[in-house]
Amino acid sequence: MDTVHLGRFSRERANEIAEALEEAGIEWWFKEPGYFSQLWEYGVRLFVDSARLDDARSIATEIDSRLGPG
């Protein structure tokens, strides 16, 4: 499986998106900033199966529009 970057999200938003990705059967993984890099990086980066990127983007967009900016 090839993975691609879906986006960077707050921890809470990433959890919402991850739950929806699992429900849709889309494989995903995350990366949080390390101890030092959290000084200049924010949020959780989500990665998804490249074959399902369009579906994952739709899910993330729907959650963003439902929850608003953040």
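Model, not experiment: these values are computed from the prediction.
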Who are the salt bridge (Lys or Arg N to Asp or Glu O under 4.0 Å) partners of E62, not counting sequence neighbours? R66

Measuring from atom CD of E19 to atom CD1 of I63, what distance do you get when rounded to the nearest 0.5 angstrom? 8.0 Å

Could you pull out all residues at least two apart from E32 that satisfy side-chain hydrogen bond (donor to acceptor under 3.5 Å, both in side chains)? R11

R45: what forms a side-chain contact (heavy atoms from CB on, under 4.5 Å) with it, not counting sequence neighbours? H5, R8, K31, E41, F47

Distance-only donor-acceptor pairs under 3.5 Å for side chains of residues 48-57, two or more places apart:
from, atom 1, to, atom 2, distance (Å)
D49, OD1, A51, N, 3.1
S50, OG, D2, O, 3.3
R52, NE, D55, OD2, 2.9
R52, NH1, G25, O, 3.4
R52, NH2, A24, O, 3.4
R52, NH2, D55, OD2, 3.4

So how far is it from W28 CH2 to T3 OG1, rounded to the nearest 0.5 Å? 13.0 Å

Under the side-chain contact (heavy atoms from CB on, under 4.5 Å) rule, collect the residues that match up with A14, sequence neighbours excluded. F9, V44, L46

Under a 4.5 Å side-chain heavy-atom rule over Ile, Leu, Val, Met, Phe, Trp and Tyr, are W29 and I17 clustered together? no

For E27, check salt bridge (Lys or Arg N to Asp or Glu O under 4.0 Å) against everything at least two apart and list the hits. none

